[in-house]
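Naming convention: chains lettered A, B, ... in sequence-line order (proteins, then strands); numbering from 1 in each chain. These numbers come from a predicted model, not from an experiment.
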2 protein chains.
Amino acid sequence: MVTIKDIAEMAKVSKSTVSRVLNNSGYVSEDARMRVEKVVEQTNYTPSQHAKSLRTKKTKIVGVILPTIQTETSSKIVTGLGREFSKLGYEILLANTNLNKEKEFEYLDLLKVRGVDGIVLIATNTEPKLLEKIKEINIPLVMVGQAAEGMMSVTYDDYHASRELTSLLIDKGHERIAFIGVDETDQAVGMRKKGFLQEMAAHQLEVSETWLEKGIFDIDSGYDAMEKILSNSRRSPNKIPTALIAVTDRLAMGAMSYLKKQGMRVPEDMAIAGFGASEFAQYLDPPLTTVDYQNEKAGEEAAIQLINCMHSKNHTEKIVLDYRLIERTSI
Amino acid sequence: MVTIKDIAEMAKVSKSTVSRVLNNSGYVSEDARMRVEKVVEQTNYTPSQHAKSLRTKKTKIVGVILPTIQTETSSKIVTGLGREFSKLGYEILLANTNLNKEKEFEYLDLLKVRGVDGIVLIATNTEPKLLEKIKEINIPLVMVGQAAEGMMSVTYDDYHASRELTSLLIDKGHERIAFIGVDETDQAVGMRKKGFLQEMAAHQLEVSETWLEKGIFDIDSGYDAMEKILSNSRRSPNKIPTALIAVTDRLAMGAMSYLKKQGMRVPEDMAIAGFGASEFAQYLDPPLTTVDYQNEKAGEEAAIQLINCMHSKNHTEKIVLDYRLIERTSI
DNA sequence: GCTTTTTGTGGAATCGATTCCACAATGAGT
DNA sequence: ACTCATTGTGGAATCGATTCCACAAAAAGC
């Protein structure tokens, strides 16, 4: 391994001068600069990041904590993050919690020890304990997908997207709309439910308890939820919904799968819409109506925001991204 | 920041002793050990990774180079890697090339500078230049998905999987089978084509040139490829294939989408099979026959192999994973 | 021509750990 | 009682960079 000392000797200058050349700081004569650059070129020398980090307390590494990488949302966000970060020489240290909330805490500590310059948290909740921990480790951090008091964040306009989607279904003549949500600790997704309920209320439409079910984040749970909704509603006639909103495309896909198995037609017997604009949504039969959230953009914005914060430039506190309704023939 | 020196002073011992306690090395009296442990506990001290790495040349970080994280294959492999690595305290530094081959080289250099202990390369090719570069940086490296001379690797048994799948279609009475492949620099996927051709030959079945098309890795290109195959084959009657094998589920999905648009029925007019066992494959209409490659397992195996190599234990050179045919109603 | 300021350079300290080595205090063996 | 191995400890060097400081030479100001 060639070190700065070797370069210094070969270029017949001191280590200090080499360092100055490398970092473009202080005074260096043209002559010395050229000699150093030449030697650096020849030897293919690159300074050790460890030594550098030890001195400067900077690593050029950002940690990314996420619940799972096996969703389009996560992987798109990470792609967006990567694109922006790599422009400025930052690398990503991946911290996958596999949906284990405990691990979020562990990773926050670990990333601190690793000395990352910043952290991106693709969050699934905003529990006070978590927020406390974040304050405690005191590293620039931006949350994606959830917002919280005093935190930088990039979020989606779930509420209005949901209202608009609901409104669209109502315009199409639907009055009985079912809804498949998820666990309520996810505030962002909670907003989708709120938007749905308020838009229904705004049209003086009642929402039966039997139309509301919950899933987790996989396709099967959408299937199960749809089954429950139908069997619950069948008991009281005239209460069978004619449309369904699922908070993710996967849930919608599961629901659609169940309906088909039961011989029901989409959208004639049941209109379906989801959220997230999965790649496969347009290839379903029929193509799924959904809401596009531009996840890659979210990643890019988060990266930019974090970089600004790390360089202590002015930075926006909270960014709310726009959405785009994609109407397809499933409704 | 609390350092080893602080701990030493507070526990009234030398830095050396603290280090010995922390690393369980050398002789330490029970008395001293307890004092140190107590202070460590109280202060919540964790040693600086930078300083440690500078001295020991170990980072407990492995780099993962991948072409894109937005495929199920990649993200599952990464999940598997993460699971095994985190057991031993290794973290993952993500290097996403976004399908840019140039970047593979850049990242190999960069990971060397970062001083990673090992590298996992989710490869798309095995060009000599790349292999040279890998040798040059001289860091333990395991390839996933492609094998090459002198490299550790974890691959799938593409050849036999493809033969078996082809055989299955032939058993069902198909004699004219079309095939959608990809760019031939991908050796692994190339094996799928080879398996297909050899199995056809083994049954004395001819394969018309018009049945062979190529796509890239997205759904649309499957759609386009199917379109070409049909329009090419129509010119010569009795040459229209009755079945299709696509080298990925996405391509199969695109092909299916085109067929439906043309009013053709699956599997009556055209049987379809893919590779990869995408999560969505079973929710297609009809559910897609495919080959499951256990990508998470591949990630785990790669991690174990790399860890063994880094600890210079004995390690297998090449691991070939088993596959599983999943027969569904698309054939 | 003599003081200031600007350039340019190298020496030495520093970051926070690990590790070699010297040395002291035990205990064991004969 | 005298060697010799075992245990336990701290001092100092080291890893490879950055950065402060002192100092010299050149340029500028009066």
Side-chain angles (χ1 to χ4, degrees), chain A residues 1-40 43-61 89 109-117 139, chain B residues 1-40 43-61 89 109-117 139:
Chain A
M1 192 72 190
V2 38
T3 74
I4 197 173
K5 201 177 146 212
D6 303 324
I7 304 294
E9 281 165 9
M10 293 170 72
K12 303 210 188 311
V13 292
S14 70
K15 294 194 294 173
S16 323
T17 303
V18 177
S19 179
R20 272 179 227 119
V21 171
L22 262 33
N23 298 291
N24 261 314
S25 62
Y27 294 109
V28 180
S29 67
E30 200 48 40
D31 183 45
R33 153 164 281 118
M34 294 219 309
R35 287 207 312 278
V36 170
E37 278 171 352
K38 197 171 143 210
V39 174
V40 167
T43 55
N44 226 321
Y45 162 77
T46 38
S48 145
Q49 281 290 334
H50 304 318
K52 214 167 188 160
S53 299
L54 179 57
R55 241 343 276 253
T56 62
K57 309 288 172 212
K58 298 250 164 289
T59 52
K60 286 271 189 176
I61 291 183
D109 275 330
L110 195 129
L111 291 176
K112 168 134 194 144
V113 173
R114 291 277 183 191
V116 297
D117 295 344
I139 295 177
Chain B
M1 194 73 191
V2 37
T3 74
I4 197 174
K5 201 176 145 211
D6 303 324
I7 304 295
E9 282 164 10
M10 292 170 74
K12 301 207 190 315
V13 292
S14 70
K15 293 196 293 173
S16 324
T17 302
V18 176
S19 179
R20 272 180 227 120
V21 171
L22 261 31
N23 298 290
N24 262 315
S25 63
Y27 295 110
V28 180
S29 68
E30 201 47 40
D31 182 45
R33 155 163 279 120
M34 294 222 307
R35 287 208 312 278
V36 170
E37 279 171 351
K38 197 171 144 207
V39 174
V40 167
T43 54
N44 226 320
Y45 162 78
T46 39
S48 147
Q49 280 291 335
H50 304 318
K52 215 167 186 157
S53 300
L54 179 58
R55 237 349 271 256
T56 60
K57 310 289 173 208
K58 299 250 164 287
T59 51
K60 286 269 185 179
I61 292 183
D109 275 330
L110 196 131
L111 291 176
K112 167 132 194 146
V113 173
R114 291 278 184 191
V116 297
D117 295 346
I139 295 176

If you pin B:L54 and B:T17 to their nearest nucleotides in DNA chain C, which one's is more 5'?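 This one resolves to B:L54.
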Taking for each residue the nucleotide of DNA chain C with the nearest heavy atom, is it B:K5 or A:R20 whose nucleotide lies nearer the 5' end?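 Its nearest nucleotide being more 5', the pick is A:R20.
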Donor-acceptor check, side chain of B:T56 to backbone of B:K52, threshold 3.5 angstrom: yes or no?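 Present.
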Check: B:T43 side chain, B:V39 main-chain N or O, donor-acceptor pair, under 3.5 Å: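 Yes, B:T43 side chain to B:V39 backbone: donor-acceptor pair under 3.5 Å.
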Could you give the start and end, 5' to 3', of the contact zone on DNA chain D for chain A, using atoms under 4.0 Å from its heavy atoms?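 Listing 5' to 3', DNA chain D meets chain A from D:dG16 to D:dT19.
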With heavy-atom distances below 4.5 Å as the criterion, would you say the side chains of [X] and [Y] are in contact?
{"X": "B:D31", "Y": "B:R35", "answer": "yes"}
{"X": "A:E9", "Y": "A:T3", "answer": "no"}
{"X": "A:I61", "Y": "A:R114", "answer": "no"}

Closest-nucleotide mapping onto DNA chain D: is B:K57 or B:D31 further toward the 5' terminus? I mean the 5' end.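 Closest to the 5' end, via its nearest nucleotide, is B:D31.
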Under 4.0 Å: is that the gap between some side-chain N or O of A:Y27 and OP1 or OP2 of C:dG8?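 No, A:Y27 has no side-chain N/O under 4.0 Å of OP1/OP2 on C:dG8.
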By the 4.0 Å heavy-atom rule, please label [X] as base, sugar-phosphate, or nothing.
{"X": "A:T3", "result": "sugar-phosphate"}
{"X": "A:S29", "result": "sugar-phosphate"}
{"X": "B:S48", "result": "sugar-phosphate"}
{"X": "A:V18", "result": "nothing"}

Nearest-0.5 Å distance that lies between atom CG in B:L110 and atom OG1 in A:T46: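 Rounded to the nearest 0.5 Å, the CG-OG1 separation comes to 9.5 Å.
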